[in-house]
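As a basis for the values below, the full set of heavy atoms in this structure was taken, side chains included, without hydrogen atoms, waters or symmetry mates.
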Amino acid sequence: MTASLKKVRASMMNAIHDLPLLVAGDEGFFRDEGLDVEIVRTPGSGQRDSDHQALRANVFDRTMEALYDQGACDQFRMCEWGVMKRAVESTVTSGHRAAKIVALGSAMSTFAIVTDPKSRIYEPEQLKDKPIGVSPFNGSHFTTLKLLEGFLKREQIRTTFAGTMKERLDAVSRGEVAAVSLMEPWISIAEMRGLRVLMESHSTRSEAAGDELDGATLAKMFRAEASAAEAIQNSPGRYAHYLIEEAGGLLELKDLKLSRILNAAPEPYTRERFEHTYQWTLEWGLVAPGATYENTVDNRAWQ
């Protein structure tokens with residue numbers, strides 16, 4: 001039976017971003033759709049022992065991007081702005097394998113801005129001109145800007161590279177930065193250690209793929225992810241072990257805030273969403289100019 005299944009290679013980095021992908025594989029939802037999905041695991045900022053290749057400022061130098069460029073995987077997901085940057089820059093610059101935005105993804109990863117109580121920072125306004133630890137062009141970077149621009153002028157928001165989630169947690173505890181941006185399970189680890197969550201928000205993933213992956217196959221993948229998202233929402237504790245494992249012994253299930261695990265079915269990436277997100281990233285100087293909805297987005301899974 002396995003020989004008749006269509007093979008797809010999809011990459012993943014962090015469990016909170018890729019939980020529907022992992023669950024769809026382990027629960028057989030991909031197989032039910034006639035797919036044999038190989039999950040290509042690459043370093044992310046969330047693994048306790050992750051290396052720094054996942055955090056390089058040039059997105060094309062990162063492990064997942066390099067593998068995609070080399071044809072070692074067919075499909076991937078990142079934060080919405082990260083996928084926007086990858087898709088746009090492969091379109092307007094030469095030398096890289098093209099990637100299109102093919103869906104608004106199924107995982108809504110929580111990010112939080114966290115401080116140490118010793119810093120006596122109680123509100124976002126107190127972060128004016130103070131260093132906030134992120135990793136460049138990752139969800140932590142984009143979400144921090146989104147969260148703070150409602151409280152501070154853009155020129156008052158100061159982000160700085162502070163490594164992996166574990167390294168950021170250590171940096172804020174040592175007072176090397178005023179705050180850090182964390183995702184789960186690291187927000188729960190921070191709370192367990194007595195650090196202060198200043199503010200938080202969900203950050204939606206986007207799905208990307210090359211032209212080689214046809215719409216019918218993508219539709220099957222997204223149906224499987226939708227089934228996985230429903231299963232996760234019905235019983236988040238059943239799948240929390242993926243996040244616990246990523247923390248490498250620093251967290252137990254009882255300390256993980258399950259309400260931060262949020263997933264939903266993938267859906268088309270609309271023109272309105274593209275124009276809003278692209279203009280925002282363009283205004284911040286985070287992405288190259290020259291992209292259009294037509295050359296960046298392809299909702300072929302719904303056609």
Answer yes or no: is there a side-chain heavy-atom contact under 4.5 Å between D255 and S188?
no
Q | pair P117-L195: side-chain heavy atoms closer than 4.5 Å | A | yes
Among side-chain atoms of Y239 and N263, is any donor-acceptor pair under 3.5 angstrom?
no
Rounded to the nearest 0.5 Å, the CG atom of L21 sits from the CE atom of M13 at a distance of 11.5 Å
Is M12 linked to I244 within one hydrophobic cluster, defined over Ile, Leu, Val, Met, Phe, Trp and Tyr using a side-chain heavy-atom separation of less than 4.5 Å?
yes
F142 meets the ring pair (Phe, Tyr, Trp, His ring centres under 6.0 Å) criterion, sequence neighbours left out, with W81
Q: For R77 and H17, indicate whether the former's side chain and the latter's backbone hold a donor-acceptor pair under 3.5 Å.
A: no
Taking the side chain as everything from C-beta on, heavy atoms only, tell me whether C79 gets closer than 4.5 Å to T143. no
Taken to the nearest 0.5 Å, the spacing of L262 CG from T110 OG1 works out to 7.0 Å
Would the distance check show the side chain of D69 and the main-chain N or O of H96 forming a donor-acceptor pair, the cut-off being under 3.5 Å?
no
Self-check item: Expected output: side-chain N234 to main-chain E230 donor-acceptor under 3.5 Å
Solution: yes
* Are V134 and L145 close enough that some pair of their side-chain heavy atoms sits under 4.5 Å apart? -> no
*asked:* Donor-acceptor pair, distance only, cut-off 3.5 Å: does the side chain of R196 make one with the backbone of I121?
replied: yes
When every non-hydrogen atom of A98 is compared with those of S90, the smallest separation belongs to CA-OG, 3.8 Å
Q.
With heavy-atom distances below 4.5 Å as the criterion, would you say the side chains of Y293 and E275 are in contact?
A. no
Please tell me if the side chains of L198 and L127 come closer than 4.5 Å, counting only heavy atoms from C-beta onward.
yes
So CD of E246 and CG of N14: to nearest 0.5 Å the spacing works out to 5.0 Å
- Is the backbone of S135 close enough, under 3.5 Å, to the side chain of S140 for a donor and an acceptor to pair up by distance? yes
Regarding D116 and S119, is there a side-chain donor-to-acceptor distance under 3.5 Å anywhere?
no
Main chain of V23, side chain of E27: is a donor-acceptor contact present, judged purely on distance under 3.5 Å? no
Would the distance check show the side chain of D214 and the main-chain N or O of A216 forming a donor-acceptor pair, the cut-off being under 3.5 Å?
yes
Inset, instruction - Find out whether M78 and K85 are in side-chain contact, i.e. whether some heavy atom of one side chain is under 4.5 Å from a heavy atom of the other. - result: no
Same cluster (ILVMFWY, side-chain, under 4.5 Å), V180 and Y122: no
Handout entry: Test: K146 cationic atom under 6.0 Å from W280 six-membered ring centre, within 45° of axis
Key = yes
Between the CE atom in M221 and the CD atom in E33, the distance rounded to the nearest 0.5 Å is 11.0 Å
Item checked: Residues F76, V40; criterion side-chain contact (heavy atoms from CB on, under 4.5 Å); working and verdict -> CA-CA 9 Å; F76 62 89; V40 181; over 6 Å; no
Look at the rings of F137 and H141 and say which category their plane angle falls in: under 30° parallel, 30 to 60° tilted, over 60° perpendicular. tilted
* Asked: Are any side-chain N or O atoms of S106 and backbone N or O atoms of A229, one a donor and one an acceptor, separated by less than 3.5 Å?
  -> no
Here the gap from I113 atom CD1 to T144 atom OG1, rounded to the nearest 0.5 Å, amounts to 4.5 Å
**Prompt:** Can R260 and E191 be counted as an ion pair, charged N to O under 4.0 angstrom?
**Reply:** yes
### Query
Do D129 and R158 meet the salt-bridge criterion of a basic N to acidic O distance under 4.0 Å?
no
Counting only heavy atoms not in H276, do more than 12 fall under 6.0 Å of its NE2?
no
In short, G105 meets T204 closest at the heavy-atom pair O-CG2, 4.0 Å
The reported gap from CZ in R97 to CG in D211 (rounded to nearest 0.5 angstrom) is 9.0 Å
Heavy-atom distance under 4.5 Å between the side chains of S206 and M84, does that happen here?
no
Is the closest basic N to carboxylate O distance between R168 and E176 below 4.0 Å?
no
Note to self: Using a 6.0 Å cut-off, check whether atom CD of E294 has over 12 heavy atoms from anything other than its own residue.
What the structure shows: yes
When every non-hydrogen atom of A288 is compared with those of V88, the smallest separation belongs to O-CG1, 3.4 Å
For this session: May I ask you to check whether over 12 heavy atoms, not counting those of Q233, lie within 6.0 Å of atom CD?
Result: yes
Closest heavy-atom pair, V114 versus A190, reported as atoms and distance to 0.1 Å, is CG1-CB, 4.0 Å
Ionic contact status for R154 with E149, cut-off 4.0 Å = yes
Side-chain donor/acceptor of K220 to backbone N/O of G34, under 3.5 Å: no
Taking Y278 for the side chain and A291 for the main chain, is one N or O donor matched with an acceptor at less than 3.5 Å? yes
Smallest heavy-atom separation, C73 atom then Y68 atom, equals O-CD1, 3.6 Å
